[in-house]
Structures are given as structure tokens and as C-alpha cells.
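Working notes, beginning with the structure itself.
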Amino acid sequence: MNGIKYVRPGNGFQPKFPLTEKVDVNGDNEHPIYTFLKKYCPATRDGFSNKHDLFYAPFKNWDVRWNFEKFLVDKFGKPYMRYDPSTEPIQGITADIEALIHSQQ
């Protein structure tokens, strides 16, 4: 909040809307944005960790498998690529972003 209030946009700005919200990314209660993203981008891994350790159902092959899985969306809002949690931004994501920018100019 301090970054918003004092830096950008600054001048004592305090939003009157929620900035974040916890949502489900898999299962019966998954947020529609994740349903949309997963529809267009295949899973980055096969299989699941121990299903008894997961807190949702049903399990689907295209589920988000772990924290830090990433989605790249083009300027038109269409999902372009999905990245495994182990993917570092500099290792491929940067090149994909640059390619996407140049292809949509």
C-alpha cells in the first residue's frame, strides 16, 4: 500500500477497490481466468504429485501443478504460452515476450 500511496500514483492515493484476492486455480471452484488460460495452453508436466496431498477435485490433466507456473498473454488477451514453475524468466520467457511484441506491432 505504501508503494501506491506514496510512489505510484502517489499524492496520498488510496484505492477503494480490492487489489488482491485469493482464488482457486484448479478444481470445481477454479476462477474463470484460469479455466480460460488452461483451455489454450497445454500442461507443462505429466502426472501429479501425491494426489492425497492435493486439496481440490476433480483432477484434470491441464491443471496448474505448482506455484510459479506462468502464462504469457498477447495484447489481445489470448493466451500465448504456458511455462513450467522451474522456468526462469531470462531462460526463454524474455525471448518470447520480445518475439510477441515484434509480431504485434
Query raised in the report: Any idea which heavy atoms bring Asp63 and Arg65 closest together, and the distance?
Result: O-NH1, 2.9 Å
Query raised in the report: Taking only residues two or more places apart in sequence or in another chain, which ones pass side chain to side chain donor-acceptor pair (under 3.5 Å) with Tyr80?
Result: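 Residues passing side chain to side chain donor-acceptor pair (under 3.5 Å) with Tyr80: none at all.
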**Report entry** Contacts of type side chain to side chain donor-acceptor pair (under 3.5 Å), residue Thr94, not counting sequence neighbours
**Finding:** none
**Report entry** Backbone of Gly3 reached by a side-chain donor or acceptor of Lys5 within 3.5 Å
**Finding:**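 Looks like no, no N/O pair under 3.5 Å.
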Requested in this report: Determine whether Val73 and Ile101 fall in the same hydrophobic cluster, where Ile, Leu, Val, Met, Phe, Trp and Tyr are linked whenever their side-chain heavy atoms lie under 4.5 Å apart.
Outcome: no
Report task. Tell me whether Ile97 is reachable from Met81 by hopping between hydrophobic residues (I, L, V, M, F, W, Y) whose side-chain heavy atoms are closer than 4.5 Å. Result ->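 Met81 clusters together with Ile97.
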Are the side chains of [Y] and [X] in contact, using a 4.5 Å heavy-atom criterion?
X: Glu69; Y: Asn67; result: no
X: Leu100; Y: Leu72; result: yes
X: Phe71; Y: Cys41; result: yes

Query raised in the report: Can you list every pair that meets salt bridge (Lys or Arg N to Asp or Glu O under 4.0 Å) and has a residue in residues 87-100, with sequence neighbours left out?
Result: none
Report task. Please collect all side-chain hydrogen bond (donor to acceptor under 3.5 Å, both in side chains) contacts where either partner lies in residues 14-24, sequence neighbours excluded, each pair once. Result ->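 Qualifying pairs, neighbours excluded: none.
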Quiz: residues 26-40 side-chain donor-acceptor pairs under 3.5 angstrom, not counting sequence neighbours:
from	atom 1	to	atom 2	distance (Å)
Asn26	OD1	Lys38	NZ	2.8
Asn26	OD1	Val64	N	3.0
Asn26	ND2	Val64	O	2.8
Glu30	OE1	Lys38	NZ	2.6
Glu30	OE2	Thr35	OG1	2.6
His31	ND1	Ile33	N	3.1
Lys38	NZ	Val25	O	2.7

Query - Side-chain cluster (under 4.5 Å, hydrophobic types only) that Leu19 belongs to, other residues - result: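 Besides Leu19, the cluster holds Met1, Ile4, Phe13, Phe17.
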Requested in this report: Report the distance from atom CZ of Arg45 to atom CG of Asp84, rounding to the nearest 0.5 Å.
Outcome: 4.0 Å
